[in-house]
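All values below were derived from every heavy atom in this structure, side-chain atoms included, with hydrogens, water molecules and symmetry-related copies excluded.
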Amino acid sequence: MHRELATDSAAMPREAGVMKKQLLVVAHAPSANTRALVEAMLRGAAHPDLPAVEARHVPPLEATAEDVMAADAIILGTTENLGYMSGALKDFFDRVYYRVLEEKQGLPCALCIRAGHDGTGTLRAVRGIVTGLRWNWVQEPLLLRGDWQADFLAQAEALGMTMAAGLDAGIF
């Protein structure tokens, strides 16, 4: 099973007897560039000034309802596939939706879309599901459009840092 920076809940790090807040990154990363985006998000979330947060990436085909239940916030990541979210992210939603619907309402969330074109179909589809789950958007979705740009990594890192900073500060 491929789980980056994953820990089980019994072994979660503690500082001064307090469990760290959990930032879950469920992102489909089929290419070197999309893997670099996930790594940038995790790097941003691991900023040394944010000690109360632990971030971990679980690929969508491996992510479970239990992963979502243990999360204090979530970043969703997907490629644009035929004008829609990746099949992997759709599979994740199909498997966890009803299992987390009641207990995780209000979950702070963010979205990163790597779109070769405009990403609007992908964005519309994910927004619809997140609305149904009653999760709360922390910021406007990060839509990385067109040809690959080096600045995409900085934007992904900032997304990870924003989510972790909000958790660390107790804003959400």
Side-chain angles (χ1 to χ4, degrees), residues 2-29 34-60 62-78 85 89 92-93 95-114 122-123 125-144 151-172:
H2 181 270
R3 289 179 177 253
E4 299 169 29
L5 300 176
T7 59
D8 65 40
S9 59
M12 285 187 191
R14 296 178 181 267
E15 285 188 24
V18 178
M19 264 174 62
K20 289 188 175 191
K21 293 186 178 177
Q22 300 296 305
L23 173 59
L24 177 63
V25 178
V26 177
H28 181 60
T34 52
R35 284 189 298 277
L37 291 172
V38 170
E39 291 167 9
M41 287 180 225
L42 293 172
R43 188 170 48 253
H47 191 280
D49 290 341
L50 305 171
V53 177
E54 178 181 66
R56 65 190 182 111
H57 170 237
V58 182
E62 297 174 22
T64 65
E66 290 74 23
D67 291 317
V68 177
M69 296 301 285
D72 297 297
I74 189 168
I75 298 175
L76 303 165
T78 185
M85 74 183 88
L89 189 62
F92 162 74
F93 283 132
R95 288 182 294 103
V96 307
Y97 190 94
Y98 290 106
R99 295 184 58 206
V100 304
L101 180 60
E102 294 302 318
E103 291 186 49
K104 293 311 281 190
Q105 290 181 21
L107 182 69
C109 72
L111 171 64
C112 178
I113 298 171
R114 176 62 188 110
T122 306
L123 180 56
V126 175
R127 274 191 171 150
I129 293 169
V130 167
T131 297
L133 287 165
R134 297 181 198 107
W135 291 354
N136 292 332
W137 292 110
V138 168
Q139 68 174 48
E140 283 298 310
L142 179 58
L143 193 48
L144 306 173
D151 183 50
F152 288 171
L153 295 175
Q155 292 178 60
E157 187 170 340
L159 176 61
M161 189 180 301
T162 297
M163 293 295 287
L167 283 173
D168 186 74
I171 295 170
F172 45 83

For residues 161-172, dump all side-chain donor-acceptor pairs below 3.5 Å to protein atoms at least two apart in sequence or in another chain.
{"unit_1": "Thr162", "atom_1": "OG1", "unit_2": "Ala158", "atom_2": "O", "d": "2.8"}
{"unit_1": "Asp168", "atom_1": "OD1", "unit_2": "Ala52", "atom_2": "N", "d": "3.2"}

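Distance alone, capped at 3.5 Å, places no donor-acceptor pair between the His57 side chain and the Val38 backbone. The backbone N or O of Ala55 sits nowhere less than 3.5 Å from a side-chain atom of Lys20 that would complete a donor-acceptor pair.
Two residues are said to be in side-chain contact when any heavy atoms from C-beta on lie closer than 4.5 Å; Val25 and Val58 fail this criterion. In this structure, the side chains of Leu133 and Leu107 stay at 4.5 Å or more apart for every pair of heavy atoms. Considering only heavy atoms from C-beta on, Cys112 comes within 4.5 Å of Leu144 through its side chain. Proximity of Met19 to Glu54: side-chain heavy atoms (C-beta onward) are nowhere separated by under 4.5 Å. At least one side-chain heavy atom of Val26 sits under 4.5 Å from a side-chain heavy atom of Leu24. Contact of the Arg56 side chain with the Asp67 side chain is registered, since non-hydrogen atoms from C-beta on lie closer than 4.5 Å. Two residues are said to be in side-chain contact when any heavy atoms from C-beta on lie closer than 4.5 Å; Leu153 and Leu37 meet this criterion. Side-chain contact between Leu123 and Ile113: present, with at least one pair of heavy atoms (C-beta onward) separated by less than 4.5 Å.
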Stepwise side-chain contact (heavy atoms from CB on, under 4.5 Å) check, Leu159 with Gln139
CA-CA 9 Å; Leu159 176 61; Gln139 68 174 48; 3.3 Å; yes
Could you walk me through whether Leu111 and Leu142 satisfy the side-chain contact (heavy atoms from CB on, under 4.5 Å) test, starting with their C-alpha distance in whole Å, then the side-chain angles of each, then the deciding distance to 0.1 Å, before giving a yes or no?
CA-CA 6 Å; Leu111 171 64; Leu142 179 58; over 6 Å; no
For a side-chain contact (heavy atoms from CB on, under 4.5 Å) check, start with the C-alpha distance between Arg99 and Glu66, then their side-chain angles and the critical distance, and finish with the verdict.
CA-CA 9 Å; Arg99 295 184 58 206; Glu66 290 74 23; 2.5 Å; yes
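Between Ala45 and Leu23, the shortest heavy-atom distance links the atoms CB-CD2, 3.8 Å. The two atoms that bring Val138 and Pro108 nearest to each other are CG2-CB, 3.7 Å, heavy atoms only. Nearest heavy-atom pair across Val96 and Thr64 is CG1-C, 3.6 Å. Between Val130 and Cys109, the shortest heavy-atom distance links the atoms CG1-SG, 3.7 Å. The two residues Pro48 and Pro51 make their nearest non-hydrogen contact at O-CD, 4.0 Å.
Residues passing the side chain to side chain contact (heavy atoms under 4.5 Å, CB included) test with Arg95, sequence neighbours excluded: Asp91, Phe92. Partners of Phe152 according to the ring-ring contact (aromatic ring centres under 6.0 Å, His included) rule, which considers only residues two or more places apart in sequence or in another chain, are Trp148. For Asp49, the side chain to side chain donor-acceptor pair (under 3.5 Å) criterion is met by no residue, not counting sequence neighbours. For Arg127, the side chain to side chain donor-acceptor pair (under 3.5 Å) partners two or more places apart in sequence, or in a different chain, are Glu140. Glu103 is linked by a side chain to side chain donor-acceptor pair (under 3.5 Å) to nothing, counting only residues two or more places apart in sequence or in another chain.
Atom OG1 of Thr122 and atom CG of Leu143 lie 8.0 Å apart (nearest 0.5 Å). Remark: Arg35 CZ to His28 NE2 distance equals 10.5 Å, nearest 0.5 Å. The CG atom of Leu101 sits 5.5 Å away from atom CZ of Arg134, with the distance rounded to the nearest 0.5 Å. Separating the OH atom in Tyr97 from the CD1 atom in Ile129 is a distance of 8.0 Å, to the nearest 0.5 Å. The distance from atom CH2 of Trp135 to atom CD of Gln105, rounded to the nearest 0.5 Å, is 11.5 Å. Rounded to the nearest 0.5 angstrom, Met41 CE and Gln155 CD are separated by 11.0 Å.
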